[in-house]
Amino acid sequence: MAKGSKAREKNRDLEALALLLWAAALFLTSPFWPWPTGLLGETLEDWLYGNLGALAHLLPLGFFLTGALLYLEKPLKPLLRHLFFGGLLGLSLLPLLPPPLAGRLGTWGRETLTDQMGVLGLGLDLLLALL
C-alpha cells in the first residue's frame, strides 16, 4: 500500500459531539411528540416555546444541522453565521406575530413598542428588521 493512499480516519470526538447535538435537538422537539412526555415536556414547552414562541423552532434545527456538519467534518462558520442572523431577524420580527406565535417575549416587545410609540412602533420594528 502506498504511503499517501491510506484512508483518512474520522475524528471520534467530532462524532461524539455530533451525537450529543442530535440528542439535544431530539430533546428540544419532545413537546411535539405524539405520546405524552410528562412534566419534562410540559416544562420545556412552557419555558422554551412559551417564552420564545415560533422563534424556538430554530433551536432544534440549528442543533441538528450543526451536528450534521460536525459529523461530515464540514466548516461550521457559514452555518453558524446564518443561524445567528436568522435568530436576530426572528427576534426583530417576533413582536409582529400574533400572541400565540410570538410567545411572552414577542408580546412584551409588542406592548413596549405600542406603549411608547403607538402603532408606529411596530413599523419601526419592521423597518429595523428589513435593514
Side-chain angles (χ1 to χ4, degrees):
M1 183 178 345
K3 188 176 183 181
S5 67
K6 186 177 179 183
R8 196 171 141 212
E9 287 187 32
K10 286 185 118 355
N11 189 345
R12 298 292 180 203
D13 291 338
L14 289 180
E15 286 182 359
L17 188 58
L19 286 174
L20 183 68
L21 286 171
W22 287 338
L26 188 65
F27 173 73
L28 288 176
T29 60
S30 65
F32 307 118
W33 295 348
W35 55 85
T37 54
L39 182 62
L40 185 64
E42 291 173 9
T43 304
L44 183 65
E45 184 175 7
D46 181 51
W47 180 76
L48 186 65
Y49 296 98
N51 285 329
L52 293 179
L55 185 62
H57 294 282
L58 285 179
L59 287 174
L61 179 67
F63 283 157
F64 179 77
L65 290 176
T66 305
L69 288 181
L70 279 176
Y71 183 77
L72 296 173
E73 296 182 1
K74 302 286 183 186
L76 292 178
K77 190 173 182 180
L79 173 72
L80 294 178
R81 185 180 321 128
H82 283 89
L83 287 174
F84 176 73
F85 286 115
L88 283 180
L89 180 67
L91 274 175
S92 63
L93 291 176
L94 209 54
L96 301 176
L97 293 175
L101 291 175
R104 288 191 270 291
L105 182 65
T107 305
W108 173 79
R110 176 192 300 266
E111 289 172 358
T112 303
L113 285 172
T114 54
D115 286 349
Q116 298 297 320
M117 302 177 73
V119 178
L120 292 177
L122 296 177
L124 177 67
D125 185 48
L126 183 61
L127 178 68
L128 288 175
L130 293 176
L131 291 179

[X] to [Y] - nearest heavy-atom pair and separation:
X: P75; Y: L69; result: O-CD1, 3.8 Å
X: S30; Y: G41; result: OG-CA, 4.4 Å
X: P95; Y: G109; result: CB-C, 4.0 Å
X: P60; Y: A25; result: O-CB, 3.4 Å

[atom1]-[atom2] distance between [X] and [Y], expressed to the nearest 0.5 angstrom:
X: T66; Y: L17; atom1: OG1; atom2: CG; answer: 9.5 Å
X: L80; Y: F84; atom1: CG; atom2: CZ; answer: 11.0 Å
X: L55; Y: L88; atom1: CG; atom2: CG; answer: 9.5 Å
X: L120; Y: L113; atom1: CG; atom2: CG; answer: 11.0 Å
X: L44; Y: F27; atom1: CG; atom2: CZ; answer: 5.0 Å
X: E45; Y: N51; atom1: CD; atom2: CG; answer: 12.0 Å

Side chains of [X] and [Y]: does their closest heavy-atom pair fall under 4.5 Å?
X: F32; Y: Y49; value: yes
X: D46; Y: R104; value: yes
X: L26; Y: W33; value: yes
X: W22; Y: F63; value: no
X: L14; Y: E73; value: yes

Inset, instruction - Determine, step by step, whether T43 and L48 satisfy the side-chain contact (heavy atoms from CB on, under 4.5 Å) criterion, reporting the C-alpha distance in whole Å, the side-chain angles of both residues, the deciding distance to 0.1 Å, and the verdict. - result: CA-CA 8 Å; T43 304; L48 186 65; over 6 Å; no
Between [X] and [Y], is there a shared hydrophobic cluster once you connect ILVMFWY residues whose side-chain heavy atoms come closer than 4.5 Å?
X: L72; Y: L65; result: yes
X: L40; Y: L28; result: yes
X: L96; Y: L89; result: yes

Inset, instruction - Determine, for R110 against D115, whether the closest basic-nitrogen to carboxylate-oxygen distance falls under 4.0 angstrom. - result: no
Inset, instruction - Using the side-chain contact (heavy atoms from CB on, under 4.5 Å) rule, take L97 and L94 through it: C-alpha gap first, then chi angles, then the decisive distance, then the call. - result: CA-CA 6 Å; L97 293 175; L94 209 54; 3.9 Å; yes
